[in-house]
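Heads up, the thing below is written out as structure tokens.
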There are 4 protein chains.
Amino acid sequence: MFEIDLRSREPIYEQLVEKIKELIINNVLKPDEQLPAVRVLASELTINPNTIQKAYRELEHRGYIYSIPGKGNFVKPAGLENNAARLIDLSKELKRTVSEMRYLGMTDQEIFALIQTSLSQDRR
Amino acid sequence: MFEIDLRSREPIYEQLVEKIKELIINNVLKPDEQLPAVRVLASELTINPNTIQKAYRELEHRGYIYSIPGKGNFVKPAGLENNAARLIDLSKELKRTVSEMRYLGMTDQEIFALIQTSLSQDRR
Amino acid sequence: MFEIDLRSREPIYEQLVEKIKELIINNVLKPDEQLPAVRVLASELTINPNTIQKAYRELEHRGYIYSIPGKGNFVKPAGLENNAARLIDLSKELKRTVSEMRYLGMTDQEIFALIQTSLSQDRR
Amino acid sequence: MFEIDLRSREPIYEQLVEKIKELIINNVLKPDEQLPAVRVLASELTINPNTIQKAYRELEHRGYIYSIPGKGNFVKPAGLENNAARLIDLSKELKRTVSEMRYLGMTDQEIFALIQTSLSQDRR
DNA sequence: GTGGTCTAGACCACA
DNA sequence: GTGGTCTAGACCACT
């Protein structure tokens with residue numbers, strides 16, 4: 001479920017954040033669903049509980065989950081938050097990605113087709 | 001030319017790598033064009049020469065420039081090398097970006113329009 | 001009447017304390033009025049009775065209610081007790097709040113206007 | 001400089017956050033000024049470095065400081081950020097404070113006077 | 001049993 | 001020397 005590469009340069013907690021964020025975005029983890037308990041996930045991944053905690057805390061800061069002390073961590077329903085700033089970043093990222101794809105020889109048609117499949121895929 | 005944000009959390013050498021990569025991708029730096037000498041750039045940016053060196057070495061490693069000892073560093077012509085692997089990565093990244101945009105509330109039309117402007121922009 | 005946010009990071013009993021305190025301060029709950037019985041409130045809010053008990057005990061400790069064993073919990077008339085200490089705390093808190101508002105860019109006029117509406121509101 | 005109450009119920013890192021935030025708001029710590037190094041502050045306060053780290057990270061999340069790995073932590077110049085949400089919270093807090101002051105017997109005149117001195121104080 | 005806090009101590013990357 | 005990451009292990013508060 002949560003695959004972690006211990007040898008990666010990317011910090012473990014950051015990998016976890018990205019993985020879980022992806023599961024939430026793709027609706028694999030449903031709104032208000034409970035995430036694995038810190039200690040449980042820690043023993044499953046043979047990772048220190050503090051590291052899991054850090055990942056969960058970071059996800060909370062970024063608005064993807066909420067934590068109830070003594071209860072657990074839960075998926076936050078897609079918010080009505082300050083998405084504007086994040087969307088601007090994503091737009092820039094998308095432009096950069098597209099630019100590099102063209103640089104590496106992909107035609108506009110191919111890029112277009114790729115995005116169309118992305119959009120038709122996992123429609124919710 | 002090379003704007004560096006000394007306040008950024010991102011390492012200086014990494015910022016340099018990204019900036020130069022971008023200039024190469026967008027054809028601002030032409031193939032076989034010589035990059036600024038390490039010491040020159042270092043004094044211009046008031047940055048440690050070691051940091052510039054590290055950025056150039058990294059760019060060479062990633063296949064964007066080549067180094068001729070005693071001569072300098074030069075833009076590598078867009079190769080036909082191992083682009084396949086990189087393109088797969090970029091495709092995944094693009095899908096991830098698009099997924100998150102939708103999650104944050106962007107409609108498919110808006111995303112599509114965004115990419116169209118990206119593609120029509122800076123056509124070479 | 002007593003709205004509790006089960007998703008909040010703030011402990012349930014603490015939320016209850018604040019809510020009830022607010023109702024007392026704003027004279028919604030009148031002096032010597034009886035508070036809902038522990039079990040009644042517990043079943044209404046579908047919350048553990050122990051949690052309600054803890055909130056009532058805390059309110060008693062803070063001087064907002066008094067308890068008559070076998071009878072129930074009642075609103076304590078605004079005492080002339082150790083208000084001095086509490087008022088000093090509140091003054092500090094108010095100053096802190098005002099300072100931060102200014103730091104965040106609010107003008108003195110705006111702050112003043114805000115307080116004037118606060119004072120004219122819910123005059124008793 | 002940074003006084004911490006080890007016996008307080010409030011977490012150490014949270015106390016630190018509040019203290020430093022206050023110093024920044026009151027312009028004691030100037031924009032872009034460097035904060036004490038993590039290890040230095042840790043040994044001064046005889047607190048674990050991880051705890052200081054946590055406080056600094058939290059301050060960064062809340063937009064009061066920025067961190068440059070390998071360099072240090074610095075005061076963030078008063079931003080042009082999303083202050084709206086925070087200001088709404090502060091307004092509510094201010095109203096709550098004023099309500100309680102009146103409940104405890106303070107007259108409107110007294111409250112008004114208090115705020116006037118707050119505003120005239122530490123004008124920058 | 002849950003999340004949250006804290007300590008002690010180690011190792012790494014950046015400049 | 002700086003911040004950042006991670007582990008091991010302890011203790012506390014809430015329900």
Side-chain angles (χ1 to χ4, degrees), chain A residues 4 6 8-16 34-43 45-58 60 65-74, chain B residues 4 6 8-16 42 45-55 58, chain C residues 4 6 8-16 42 46-55 58, chain D residues 4 6-16 34-43 45-58 60 65-74:
Chain A
I4 294 300
L6 293 171
S8 167
R9 297 185 49 124
E10 197 180 12
I12 295 175
Y13 87 93
E14 190 65 32
Q15 291 183 52
L16 258 177
Q34 182 165 5
L35 295 169
V38 171
R39 289 162 174 76
V40 171
L41 191 51
S43 76
L45 301 177
T46 56
I47 281 172
N48 191 289
N50 286 332
T51 306
I52 310 284
Q53 268 282 28
K54 194 169 184 179
Y56 279 1
R57 187 84 176 220
E58 188 62 29
E60 190 179 19
I65 71 174
Y66 61 91
S67 170
I68 308 181
K71 286 288 195 127
N73 290 275
F74 304 86
Chain B
I4 296 300
L6 294 171
S8 169
R9 176 165 222 109
E10 196 180 11
I12 295 175
Y13 89 94
E14 188 66 31
Q15 289 185 53
L16 260 177
L45 303 175
T46 56
I47 279 174
N48 193 309
N50 292 333
T51 306
I52 311 285
Q53 265 297 14
K54 185 161 187 179
E58 185 63 26
Chain C
I4 296 300
L6 293 172
S8 169
R9 177 167 221 105
E10 196 179 12
I12 295 175
Y13 88 95
E14 189 65 32
Q15 288 185 53
L16 259 178
T46 58
I47 281 174
N48 192 309
N50 292 333
T51 307
I52 310 285
Q53 266 296 13
K54 186 163 187 181
E58 185 63 26
Chain D
I4 295 301
L6 292 172
R7 294 168 314 181
S8 167
R9 297 185 46 125
E10 197 180 13
I12 296 175
Y13 87 94
E14 190 65 32
Q15 290 183 53
L16 258 177
Q34 181 166 6
L35 295 169
V38 171
R39 289 161 175 75
V40 172
L41 191 51
S43 77
L45 302 176
T46 56
I47 280 172
N48 190 287
N50 286 332
T51 305
I52 310 285
Q53 269 281 32
K54 193 169 185 179
Y56 279 1
R57 188 83 178 220
E58 188 62 29
E60 191 179 19
I65 72 174
Y66 60 92
S67 170
I68 308 181
K71 287 288 194 130
N73 290 276
F74 304 86

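Just so it is clear, the values below take in all heavy atoms, side chains as well, and ignore hydrogens, waters and symmetry mates. Reminder, nothing fancy here: chain letters follow the sequence lines and each chain counts from 1.
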May I ask you to evaluate whether [X] reaches the phosphate of [N], defined as a side-chain N or O under 4.0 Å from OP1 or OP2?
X     : N      : answer
D:Q53 : F:dG4  : yes
A:R57 : E:dT5  : yes
A:N73 : E:dT2  : no
D:T51 : E:dT7  : yes
D:R9  : F:dC12 : no

N/O donor-acceptor pair under 3.5 Å between [X] side chain and [Y] backbone:
X     : Y     : answer
A:Q53 : A:V38 : no
A:T46 : A:S43 : no
D:E60 : D:N73 : no

How many Å lie between [atom1] on [X] and [atom2] on [N], as a whole number?
X     : N     : atom1 : atom2 : result
C:I12 : E:dG3 : CD1   : C1'   : 14 Å
D:L41 : E:dT7 : CG    : P     : 12 Å
D:I68 : F:dG1 : CD1   : C1'   : 15 Å
A:K71 : E:dG4 : NZ    : P     : 14 Å
A:E14 : F:dT5 : CD    : C1'   : 12 Å
A:Y13 : F:dT5 : OH    : P     : 4 Å
D:K54 : F:dC6 : NZ    : C1'   : 15 Å
D:I52 : F:dT5 : CD1   : C1'   : 17 Å

Subject >> Minimum side-chain heavy-atom gap D:L45-D:T51 below 4.5 Å >> reply: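 In short, these two side chains do not touch, never coming nearer than 4.5 Å.
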Original post:
Of the candidate nucleotides E:dG3, E:dC14, F:dA13, which contains the atom at the shortest distance from the side chain of B:P11?
Top reply: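 Taking heavy atoms from C-beta onward, the closest nucleotide is E:dC14.
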Hey, does [X] reach any base, or is it just sugar-phosphate, or nothing, if we go heavy atoms under 4.0 Å?
X     : result
D:Y56 : nothing
C:N50 : nothing
C:I47 : nothing

Subject >> Closest-nucleotide 5' rank along DNA chain F - winner of D:P36 and A:L6 >> reply: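 On the 5' side of the pair lies D:P36.
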Subject >> Watson-Crick or G-U wobble mate for F:dC6, both contacts under 3.5 Å >> reply: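 By the stated definition (distances under 3.5 Å), E:dG9 pairs with F:dC6.
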**OP:** Could you check which nucleotide pairs with E:dC14 in any of the strands shown, counting Watson-Crick or G-U wobble with both distances under 3.5 Å?
**Re:**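 Per the H-bond distance test, F:dG1.
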Original post:
Quick one: on DNA chain E, does A:A37 or D:P69 contact a more 5' nucleotide (nearest heavy atom)?
Top reply: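 Counting from the 5' end, the first nearest nucleotide belongs to A:A37.
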Original post:
Which atoms form the tightest heavy-atom contact between A:I68 and C:S8, and what is the distance?
Top reply: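 Between these two residues, the closest heavy atoms are CG2-O, 3.9 Å.
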**OP:** State, to 0.1 Å, how close D:Q15 and D:E10 come at their nearest heavy-atom pair, and which atoms those are.
**Re:**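 Closest pair (atom of D:Q15, atom of D:E10, distance): NE2-O, 3.0 Å.
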Original post:
Is there a donor N/O on one and an acceptor N/O on the other, under 3.5 Å, for the side chain of B:N48 and the base of E:dA15?
Top reply: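 Such a pair does not exist between side chain and base.
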**OP:** Examine the base of F:dG1 for any acceptor or donor lying under 3.5 Å from a partner atom in the side chain of D:R39, and report the outcome as yes or no.
**Re:**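 No, no donor-acceptor pair under 3.5 Å.
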